[in-house]
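For reference, the structure discussed in these notes is given below.
In what follows, chains are A, B, ... by sequence order, proteins preceding strands, each numbered from 1.
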Amino acid sequence: MLSPSDMATLWLTFKVASISTLLMLLLGTPLAWWLARTRSRWKGFCNALVAMPLVLPPTVLGFYLLILMGPNGVIGQLTGKLGLGTLPFTFSGLIVASVLYSMPFVVQPLQASFSAIGRQPLEAAATLRASPLDTFFSVVLPLAKPGFLTATILGFTHTVGEFGVVLMVGGNIPGVTRVVSVQIYNHVEALEYPQAHWLAGGLLVFSFTVLLILYSVLKTQPSSQPFK
Amino acid sequence: MTAGAINARFQLDYGSFKLEADLSLPGSGISVLFGDSGSGKTSLLRCMAGLERPQRGFFGINGNVWQDSDKNLFVPTHRRSLGYVFQDANLFPHLNVSENLQFGLKRLAKQLGNGAILHPVIDLLGIAHLLERMPDRLSGGERQRVAIARALVLNPAILLMDEPLASLDLKRKQEVLPFLLKLQQEFNIPIVYVTHSRQEVMQLADFLVVLENGAVQASGSLPDMLTRLDLPLAQDKEAASVWQGKVTGYDNEFQLSNVEFNGVSLSLPNIEAAMDTRVRVQIHARDVSLTLEEPNQTSILNVLPAMITGLADDHSGHTFVRLACGQETLLAHITRKSAQLLGLHKGKPVFAQIKGTSLLH
């Protein structure tokens, strides 16, 4: 069964995934809105940047984050001056890395559902006295609900499943940065296969169940696919 | 600034499409923007609403200025007292009919009090039984009626309608049209109405603006515009004059109504309108023939003394004649040969025989 240290990694994983998902929704929503609406020539650049983690090996992203956030990196110097210390091998560093790594899984479904709404409902709202901000909350958010559902679930589950970035940026510190995927690795390294099975199997069932629910819910709304 | 109560000047340049308009519209009644697709009529309407922001522009309505690019003034759409009806209704799909109607009202609650005209509007458009429905459970005609109601309940200073009937089949059109007419009679809100349909122009317009290739070709009152020989409207096969009058008598024996127009009256069959009702009658130019002497033995009931005020040739054997009958203007299409045989010229008195009319409403 699960040992106390397994339980600690589960709890930590849940914390990292929840906080990251919340941050990704907060940052990703305006970003996705901008990407869906803008005609700026920076759109392609930003789209490519956001999608990078989809194709890069996680170790590459983790490696550069490690350098940037380290004592000699740009971010590291900034956080140092602000009295925050350096971020690698801390819980905050893990969150930053997670947010960057899983961002496309939040931004892309949001962007797709914002684009699908089109400008028509926005114009109708404007002719009915709703300001742009008001329109966003009263029209865009309700119409983009399937997009938000997809973004939340994909963002959360993807963060739960991350390994490479965590290992590079967070390391393997119990209670601080040791999440489930790292713990499974530890168990396997130590040839503790039964313990590895419990965690790995659990993660497998968890991911499948969540995605099954997601796709069943979305089936009733054919216009909103998780990916474009 | 010109005399009209609604002044619009816009210069819009999208590269492949340019709009350049300078217009004055009356501050009441239905002004129709008429033109083919690509003529710029919808763009013009969108400029009025502030949905497009032209590089240069001025828009003022009854003393309120919503745009003046010279003074760098642009009131965003949501701060303009307007109602806008989109071609395809554009109801919010996540809200039911009642919530759609309430959407604007909620945001205007302070100015409007308790939405005093909500119920009259619901009654006028006959949508009381639809309030709980979601938009996807409505027919096209019902959807459009809800969209009109949604715009109207805000009691706006102006109602802008972008081909509200275009997406409807003939039957649905006939279902919505009477509401538009009633709307004009019961709420005194100026309406700017975009259409490419002659029929809607005839039925609805008080004032007509003809657009072509992003420019205003001509504008004026409907009776004037229909009988201006330099415009394609008067040269069309379907060319007609429109007269507005009042029912002043009914002959039971022959089932004929007497309708009084400006300085001239007609006996018309098949008018199911009560005394004193205002009616609008269409007289096709092809249904009007001319004689020099008053015929005393003819089956044609309505023979009117008239004066020729204009003549034009279409270079394919037809002559278009504009006539003054009382203070009304009448249009006749005859052959060029007849025109020559009768020796027609401007200022000549003739008799116009009206073979048929149709009641528009």
Side-chain angles (χ1 to χ4, degrees), chain A residues 25 29-30 32-34 36-41 43 109-153 214 216-226, chain B residues 14 42 45-46 48-53 66 74-96 99-112 115 134-136 143 146-162:
Chain A
L25 286 171
T29 302
W33 180 244
W34 180 78
R37 312 272 313 154
T38 186
R39 288 182 198 151
S40 158
R41 57 204 177 95
K43 180 179 175 166
L110 287 183
Q111 190 182 339
S113 65
F114 289 156
S115 299
I117 290 172
R119 66 175 189 185
Q120 283 247 3
L122 311 183
E123 291 186 343
T127 67
L128 295 167
R129 312 293 186 276
S131 68
L133 193 69
D134 181 354
T135 302
F136 186 81
F137 286 105
S138 59
V139 177
V140 175
L141 284 193
L143 290 180
K145 221 189 286 173
F148 276 96
L149 183 69
T150 308
T152 307
I153 289 180
L214 173 66
S216 315
V217 170
L218 291 181
K219 204 175 62 184
T220 56
Q221 298 168 2
S223 63
S224 43
Q225 296 298 316
Chain B
Y14 284 150
T42 294
L45 197 73
R46 290 174 59 83
M48 292 181 182
L51 294 173
E52 302 290 336
R53 187 171 181 170
W66 288 348
F74 183 83
V75 179
T77 303
H78 69 276
R79 297 216 183 87
R80 300 184 179 198
S81 173
L82 56 81
Y84 198 102
V85 179
F86 296 84
Q87 190 172 340
D88 54 355
N90 200 0
L91 300 179
F92 297 119
H94 62 297
L95 301 177
N96 69 21
E99 290 161 337
N100 264 284
L101 294 177
Q102 294 287 346
F103 189 93
L105 278 181
K106 273 195 229 158
R107 287 159 178 83
L108 266 190
K110 275 181 207 138
Q111 284 118 291
L112 285 180
M134 294 306 281
D136 60 357
R143 229 174 277 157
V146 173
I148 294 167
R150 184 176 70 168
L152 197 57
V153 291
L154 302 180
N155 198 14
I158 187 171
L159 191 55
L160 305 171
M161 307 180 101
D162 183 10

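- Both the backbone and the side chain of A:S138 come within less than 4.5 Å of a heavy atom of chain B.
- Using a 4.5 Å heavy-atom threshold, the side chains of B:Y84 and A:L128 count as separate.
- For A:Q120, the side chain to side chain donor-acceptor pair (under 3.5 Å) partners at least two apart in sequence or on another chain are B:N90.
- Under a cut-off of 6.0 angstrom, the local environment of NZ in A:K43 is crowded, with over 12 non-hydrogen atoms contributed by other residues, nucleotides or ligands.
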* For A:L143 and B:F92, run side chain to side chain contact (heavy atoms under 4.5 Å, CB included): C-alpha distance rounded to whole Å, both residues' side-chain angles, the deciding distance at 0.1 Å, then the answer. => CA-CA 9 Å; A:L143 290 180; B:F92 297 119; 5.7 Å; no
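- Of the inter-residue distances, the one linking A:L133 atom CG with B:H78 atom NE2 reads 10.0 Å to the nearest 0.5 angstrom.
- Counting only residues at least two apart or on different chains, the salt bridge (charged side-chain N to carboxylate O under 4.0 Å, His left out) pairs with a member in residues 116-136 of chain A are A:R119-A:E123, A:E123-B:R46, A:D134-B:R107.
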